[in-house]
Amino acid sequence: MPAIDRRLTLTQSELPVDTVLLARFLIGTLLVRETPEGALSGRIVETEAYPVGDAAGHAYIGATKRNGALFLGRGHAYVYLAYGVYYLLNVSSEHAGVGAGVLIRALEPLEGISAMQRNRRLQDLRGLTRGPGRLTVALDIDRRLDGVDLCQKGPLRLVRDAHAAPEIGVSQRIGLSRETDKPLRFYVRGNPFVSGPKSLNR
DNA sequence: AGTGCGATTGACT
DNA sequence: GTCAATCGCACTA
């Protein structure tokens, strides 16, 4: 492993404990998926917070078989199957024993783009990782990665990267049937890889 | 053991 | 714009 990777991988202590702060913090950081064929990576450009006490959050009902990774303490992957079709990736937040997390909704592809194009069976760069179900296909993320520590060397990790502070937009979250009006979605204004309707991306 | 339901997407009218 | 696909899981009993 190159030493540079160890240096850049975010440590748990660098992550904000608070779910909403973490959702903002993750905008602009890199998500790196290590595969036998090489690294697939992208910059996080859209997130949603599912804080403690949020009735729309999967942890709201308490720890279960499915959502246990949300209770591992900040910086772990929580991966679940949505609609029986797509895997969605969350970064757990708060302290161990407290259930909450941040949904990763979109990436700007950086490394391994040709592999992502194969995984998605799609050439169009803009469509590769624009959306929470799409990015997991592009990066080959599924339930095998549930519970992985994103702050350690491994198959999936968070990496700090120097980046100009982007202008961050805030909106309600997408696709919910409850708690629909809370301003808990964060995105890079004007970034073409952000998902969602235009009305929420101003 | 049976039931109902999604933190989505792509295909189609 | 509408809508089906598809299945693990939580819940009821």
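For clarity, every value in this text was computed on a predicted model and none was experimentally measured. A, B, ... follow the sequence lines: proteins, then strands. Residue 1 opens every chain.
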Exercise. Quick one: stems for DNA chain B, with Watson-Crick or G-U pairs under 3.5 Å, at least three in a row?
Worked result: B:1-6 with C:7-12, B:8-12 with C:1-5
Exercise. T47(A) and I44(A): which non-hydrogen atoms are nearest, and at how many Å?
Worked result: CG2-CG2, 3.6 Å
Seminar exercise, completed: Counted 5' to 3', the first and last nucleotides of DNA chain B within 4.0 Å (strictly under) of a heavy-atom of chain A are dG6(B) to dG10(B)
Exercise. If you measure from the Lys or Arg side-chain nitrogens to the Asp or Glu carboxylate oxygens, is any gap between D124(A) and R126(A) under 4.0 Å?
Worked result: no
Seminar exercise, completed: Residues at least two apart in sequence or cross-chain that pass side-chain contact (heavy atoms from CB on, under 4.5 Å) with Q172(A), listed by chain then number, are D181(A), L200(A)
For this session: For DNA chain B, find the residues of residues 113-142 of chain A with a heavy-atom distance under 4.0 Å and give them by number; none if there aren't any.
Result: R120(A), G131(A), P132(A), G133(A), R134(A)
Is there any protein nitrogen or oxygen under 3.5 Å from a nitrogen or oxygen in nucleotides 9-13 of chain C, and what are the pairs?
from    : atom 1 : to      : atom 2 : distance (Å)
dC9(C)  : OP1    : R143(A) : NH1    : 3.0
dA10(C) : OP1    : T64(A)  : OG1    : 2.2
dA10(C) : OP1    : R66(A)  : N      : 2.9

Exercise. Does a side-chain N-to-carboxylate-O contact under 4.0 Å join E34(A) and R157(A)?
Worked result: yes
Problem set entry | For N119(A), side chain to side chain donor-acceptor pair (under 3.5 Å) partners two or more places apart | none
Seminar exercise, completed: dist Y50(A):OH -> K182(A):NZ (nearest 0.5 Å) comes out at 11.5 Å
Exercise. In chain order, what residues pass the side chain to side chain donor-acceptor pair (under 3.5 Å) check against N67(A), with sequence neighbours excluded?
Worked result: T64(A)
Pairs: protein N or O with nucleotides 5-7 of chain C N or O, under 3.5 Å:
from   : atom 1 : to     : atom 2 : distance (Å)
dT6(C) : O2     : Y83(A) : O      : 2.2

Exercise. Which value, rounded to the nearest 0.5 Å, describes the distance between L128(A) atom CG and Q123(A) atom CD?
Worked result: 8.5 Å
Problem set entry | salt bridge (Lys or Arg N to Asp or Glu O under 4.0 Å): pairs with one or both residues in residues 60-85 of chain A, sequence neighbours excluded | none
Problem set entry | Option among E46(A), R189(A), R185(A) that satisfies the side-chain hydrogen bond (donor to acceptor under 3.5 Å, both in side chains) test with N201(A) | R185(A)
Exercise. Any idea which heavy atoms bring S92(A) and G73(A) closest together, and the distance?
Worked result: OG-O, 2.5 Å
Seminar exercise, completed: Applying ring pair (Phe, Tyr, Trp, His ring centres under 6.0 Å) to F71(A) and not counting sequence neighbours gives none
For this session: Sequence neighbours left out, what pairs pass ring-ring contact (aromatic ring centres under 6.0 Å, His included) with at least one residue falling in residues 79-105 of chain A?
Result: H58(A)-Y80(A), Y78(A)-Y80(A)
Problem set entry | Side-chain cluster (under 4.5 Å, hydrophobic types only) that I61(A) belongs to, other residues | none
Problem set entry | Considering all heavy atoms, the nearest F193(A)-L125(A) contact | CE2-O, 3.5 Å
